Structures are given as C-alpha cells and as structure tokens.
Amino acid sequence: MLHPLQIYNTLKRKKEQFVPLHAPLVGLYVCGPTVYGDAHLGHARPAITFDILFRYLTHLGYKVRYVRNITDVGHLENDADHGEDKIAKKARLEQLEPMEVVQFYSNRYHKALDALNVLSPSIEPHASGHIIEQIRMIKEILDNGFAYESEGSVYFDVEKYNRSHAYGILSGRNIEDMLNTTRELEGQEEKRNSIDFALWKKASPEHIMRWPSPWGDGFPGWHLECSAMSRKYLGDTFDIHGGGMDLIFPHHECEIAQSVAAEGHEAVRYWMHNNMITINGQKMGKSLGNFITLEELFSGSHHLLQQAYSPMTIRFFILQAHYRGTLDFSNEALQSSEKGLSKMLEAFENISKIPASSQSSVNIGDLRKKCNDAMNDDLNTPIAIACLFEGVKYINAALSGEITLSAKDIEELQSVFQTFLIDIFGIKNEVKDGNAAYESFSKAVDILLELRMQAKVNKDWETSDKIRNELTALGFEIKDKKDGFEWKLNK
RNA sequence: GGUUCCUUGGCCGAGUGGCUAGGCACCGGUCUGCAAAACCGUCUACGGCGGUUCGAAUCCGCCAGGAACCUCCA
C-alpha cells in the first residue's frame, strides 16, 4: 500500500513521502494537555490538526494506533514555586486532591473536544500511571552513562550525550549557544551543566505528588513521560510524533536524546508540529494571560468576543488555515468562517434535491482528485476546502437550473462531500445531528410557514412578515421558493 | 543577545519563477409583494530597496516591521 501522502518532517525541515514502518499499521503519538486548567483556543489546534491526520490516515486505509497523553505530573516550575509541581500547586490553592484536579480538567477537556467532534485517541495514557516505565527508562539511561544522580534527583548529561550524538538536531540549536544563553535559574547547583534536564526530581517534604524510586521519593521529569509512554504503546521505533511548535525545544529535543540514550537509536520517524493561534499577532497562552477558553468561545462569554461561536465554526476556522502557519484570532475571521461553513453545509444538504439530467453540462470529474491531492500535500486543508467550495458552486448552479448534472455526477458530489467534509474534516450539522427532538420541532416550523404561505396567497403581508420576522429573530433563516419555502436554523 | 520563521487585496487565508485559490465584507445587477438565500458582475494583492532572469509576489542580498523558541506552554 503506497499513498502519495507527503508530510513535513520537522527533523528534516522538508516534506517527505510518508512510508509507514509496518503498513498498514501506523503509530501516532501526540502530546496532549497538562490538565491544570481549561482548554483554550490554542489547545484546539493540535487536537484538530492531528484529528484530521488520524481521520485521513484511516481514510487511506491505514490502521492507526493514536496515542495522546494526559500530563498529570512532573511539570516543574522554575520560578517562584521552587520546583513545585503545577498540579500540586493548583491543588493546594483549591484545597483539592491532586487527582481530583486532574479528573476535573480531564473531563472538561474531553467535553470540549467532543463538542469539536475530535475523535478519541486509541489510547490516552496518564503520566501518573506510568511511573514504573519511566523509572525503568531512567535506569537504562543511567546504565548507558548519559545521566547522573545528584541529591536524590537524576539529570540527563547533555554535554556528554552531545559528544557522541547530536543534541539539538530537531530544534537546530547547538550546545555552545545554549550554554551561553541559558538563563541562570535557581536550583541549578546540583546540575553539572545548566542545560542538563531532570529525569527524576526529588520531592520536597511538602510535595504531595510523589513516588518511591531507587533515588528516593520524587517524581519524573516532564520530558520523560512521552518517551516512556510512546515506547510502551508504539514500540522502540514508530511513525509519527506530533505536537505544538512550542514543544520542539526543549520537550521534543529531550525526548530524542532520551530515546537515543536509552535505546541507542531515535524512536520517531516523522516529527510534525502545528503552529500557534495568535491573538493580536501574539501567541495565545496561559502565561501571557491572553487566551480564550473553548467554553468561553462556545458561549460567547469573554470580553473580546462579539458573539458565541459554535464548535463547528471553530473547527472550520482552524481548517481554513494550514496547520503549519500561524492563525490569527479575530471576531471578523470567525464570523466569516461561520458564514462560509453555513453555506457549505446547506449546499451539502441540498445535493439530494438536485434534479438528475441525462447528462452533465459541466465536468466535475476531478473534484475528488483535487481534494485528495491537497490532503496529500502535507494536509493542505484550506486548498481542499476551496475545492469543496467549487463543488458548492456546482450544487447551487444545478439547483437554480443553470447547469445540469447527471445522476452519476450528483452521486459523486454527494460522495465527495460525505468523504471530505463529514468523514475527514469531521464537520457535522450541529442543529440536526444527535438532536432527537429535531423532527418534531422541524414539523412545527413547517406548520408555521405553511400558515405564512396562506397569508401570502391572501396578500396578508402583515401576518406573513410577522411570522417571518419572529422566526428570523429566533435564528431561523426563511427562504421563499417559487412554489413553497425553505428554512434553516442558524446556530 | 543567540536560533528559527513570517510580512499577500477591506478582513481571514492558500499558492507559486510566466497560466494570478477559496471564504467573508463592500458595491452594481437578476430574482422577490418586500426580504433572505442563490446566481452574475465589479474591485485583483503579494512590506521597502537593489540584484539574478526573456520574465519574480515566488530565487539572492540588504533594510524595515512582526513572531516563536532559548523558562512552563498546544
């Protein structure tokens, strides 16, 4: 099975043909969230980007094992917290058990991702559930001489590693620059070098999240969990590792070093990184305090939001930009996505209303190929969406009788939209899908509009406009046709 | 300061050495009782200055502005 899928490999800094190690199986690992706060718009980017990759690989016929972790331990804070774990810090703040915090935010994360129609990964491992694997990996690194113990902590010896391997190959840095530019931080004295990173960190007496280890009670370093868990579920070597660009250094760089130091070879064949969502040109982020949570976007409750934006609008907005480019948040951009999506969904639903002709007056034959080509070119969703809009044009033109389409072409349009818009892009009709009451209320609206038709026949414009205006105010869009009416509910 | 990257029309965003996506907005038209939707048309850009080339927005150099990473981060 050979598909011409090209993906950009951050490690090689170019697009490469994707050839899985064990086709038709594909191993995919993506860095998930640290669950100490609500997911914001920035978190939606990798979730959706790699959801598309997951869906597209599946569409191509691969059997994908998609692993996306939950980080619930080990994030050191090197500022005023003196090495206190983020989860533990928040826990004390709110007087909750650490695992209660983890559960709370994990649930909310899943809820937001469900709303965005992001498929669940095959495995969602927690770092806290893989302490044994992480300790084992530290031992291997120690045995191979690339780490050292100091005051109950274990550090990775970057300089020693760099003598025989290249530390910095992913991020394009060299060790001399790093030694010169790394900021002086507290708690550095127990390390041989400022750029050494923790594999295991000794827990201070008040530190709640702690596990026993050969080096005393403590907790694993942040970079280790992904190395240990990806190895456990995907093997020593696997196909794709994804995450946000801000993780390239140090997180992914350290992962490479850990794998090589433990196993003697790199684990990941293709590194993929999504770019940031910006707000006023600046990265949206927790530490910058300029983020908008997904829940706020869905409800419109944030001072920067002019209105609520539905999960599908957010999804479509993200897909209208290529995943490797920055994407700037603005109400205007979101609103245009909302309208564009509405137009596309409506066209999709109208395909079945196109009257079939004996032959087509236009050639829609290459639409599917164009969509495929776009996706094969490093998941170029904006191009693929542009192609679908070409299809929208055909659908509308056929409905208004300006072009004719054969039954075969109508079927092909239906199939292309089903495949790309629904199956691969994961767009759904939020009003109809999963709404058990839809049929009933839709009939109720029909009854009202039939009354309006009667009023129109009687030239009772007052009644007719009253019904239309009040429905419009409720979010319905009423369209008069030559012989009847159509409506839809904008959400 | 170091490393990497970006700058496209009113807005968002693709793309690329010659054939100049797409969405949204605006304006004009068709349709309509009036609208809405749809359709047709208009507007047509690649930060600045040089260079390479028959030809550059696309390659190279310089300048300006911006960003990411170097510290937790999607």
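Keep in mind that this is a model prediction, so the values were computed, not measured. Every chain is numbered from 1, with letters handed out A, B, ... down the list of sequences.
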Spacing between [X] atom [atom1] and [N] atom [atom2], to the nearest angstrom:
X: A:H241; N: B:rA74; atom1: NE2; atom2: P; answer: 13 Å
X: A:R13; N: B:rU3; atom1: CZ; atom2: P; answer: 14 Å
X: A:N290; N: B:rA68; atom1: CG; atom2: C1'; answer: 13 Å
X: A:D196; N: B:rU71; atom1: CG; atom2: P; answer: 13 Å
X: A:N275; N: B:rC69; atom1: CG; atom2: P; answer: 10 Å
X: A:Q282; N: B:rC69; atom1: CD; atom2: C1'; answer: 14 Å
X: A:H223; N: B:rC70; atom1: NE2; atom2: P; answer: 10 Å
X: A:L297; N: B:rA74; atom1: CG; atom2: P; answer: 16 Å

ask   = Between A:H40 and A:Q335, who's closer to the 5' end of RNA chain B by nearest nucleotide?
value = A:Q335
inquiry  = Between A:C387 and A:L247, which residue's closest nucleotide on RNA chain B lies nearer the 5′ terminus?
reply    = A:C387
task = Kindly point out which of B:rA74, B:rG23, B:rC69 is positioned nearest to the side chain of A:K283?
result = B:rC69
query = Of all the choices, B:rA21, B:rA68, B:rA74, which nucleotide is nearest to the side chain of A:A386 once you look at every atom?
reply = B:rA21
[N] pairs with, by Watson-Crick or G-U criteria that keep both distances under 3.5 Å:
N: B:rC39; result: B:rG29
N: B:rU4; result: B:rA67
N: B:rA45; result: none

message = Please enumerate all residues that pass ring pair (Phe, Tyr, Trp, His ring centres under 6.0 Å) together with A:Y167, with sequence neighbours excluded.
response = none
inquiry  = I'd like to check the ring pair (Phe, Tyr, Trp, His ring centres under 6.0 Å) partners of A:F476; sequence neighbours left out, ordered by chain and number.
reply    = A:W487
Distance, [atom1] atom - from [M] to [N], rounded to whole angstrom:
N: B:rG15; M: B:rC27; atom1: P; value: 31 Å
N: B:rG23; M: B:rA14; atom1: C1'; value: 11 Å
N: B:rG13; M: B:rC6; atom1: P; value: 15 Å
N: B:rA56; M: B:rG18; atom1: C1'; value: 9 Å
N: B:rU4; M: B:rG22; atom1: C1'; value: 30 Å
N: B:rC11; M: B:rG50; atom1: P; value: 26 Å
N: B:rU44; M: B:rA21; atom1: P; value: 14 Å
N: B:rG9; M: B:rA25; atom1: C1'; value: 12 Å

Identify each atom pair where a protein N or O and an N or O of nucleotides 11-13 of chain B are less than 3.5 Å apart, giving names and distance.
| unit_1 | atom_1 | unit_2 | atom_2 | d |
| --- | --- | --- | --- | --- |
| B:rC11 | O2' | A:E332 | OE1 | 3.4 |
| B:rG13 | OP1 | A:D328 | N | 2.8 |
| B:rG13 | O2' | A:Q320 | O | 3.3 |

task = Please assess A:Y36 against A:Y105 for the test ring-ring contact (aromatic ring centres under 6.0 Å, His included), listing each intermediate value before the final yes or no.
result = CA-CA 6 Å; A:Y36 66 98; A:Y105 287 117; 7.9 Å; no
request  = Can you sort out the partners of A:H40 under side-chain contact (heavy atoms from CB on, under 4.5 Å), two or more places apart, ordered by chain and number?
outcome  = A:H43, A:M284, A:F291
remark   = Across all chains, not counting sequence neighbours, the side-chain contact (heavy atoms from CB on, under 4.5 Å) partners of A:A44 are A:I48, A:L116, A:L294, A:I318
Using a heavy-atom cut-off of under 4.0 Å over every strand shown, decide if [X] touches base, sugar-phosphate, or nothing.
X: A:H251; answer: nothing
X: A:G281; answer: sugar-phosphate
X: A:M245; answer: nothing
X: A:M344; answer: nothing

inquiry  = Just checking A:F156 against A:Y161, ring centres under 6.0 Å apart?
reply    = yes
task = Please list all pairs passing the salt bridge (Lys or Arg N to Asp or Glu O under 4.0 Å) test where one or both residues lie in residues 389-405 of chain A, with sequence neighbours left out.
result = A:K370-A:E390
request  = For residues 307-326 of chain A, pull every pair meeting salt bridge (Lys or Arg N to Asp or Glu O under 4.0 Å), keeping only residues two or more places apart or in separate chains.
outcome  = A:D51-A:R315, A:R324-A:D378
inquiry  = Within the 3.5 Å criterion, strictly below it, is a donor on A:N69 or A:E225 matched to an acceptor on the partner's side chain?
reply    = yes
key: Residues A:H252 and A:H223: side-chain donor-acceptor under 3.5 angstrom   = no
ask   = Does the side chain of A:N380 get closer than 4.0 angstrom to OP1 or OP2 of B:rG15 through an N or O atom?
value = yes
ask   = Counting only side-chain N and O atoms of A:T34, is one of them less than 4.0 Å from OP1 or OP2 of B:rA74?
value = yes
remark   = Each nucleotide of nucleotides 30-42 of chain B classed B (base within 4.0 Å of a protein heavy atom), S (only sugar-phosphate) or -, in 5' to 3' order, makes ---BBBBSSS---
key: Residues forming a side chain to side chain donor-acceptor pair (under 3.5 Å) with A:Y56, sequence neighbours excluded   = A:N372, A:N376
query = Atom CD of A:Q17 and atom CG of A:L5: how far apart are they, to the nearest 0.5 Å?
reply = 8.0 Å
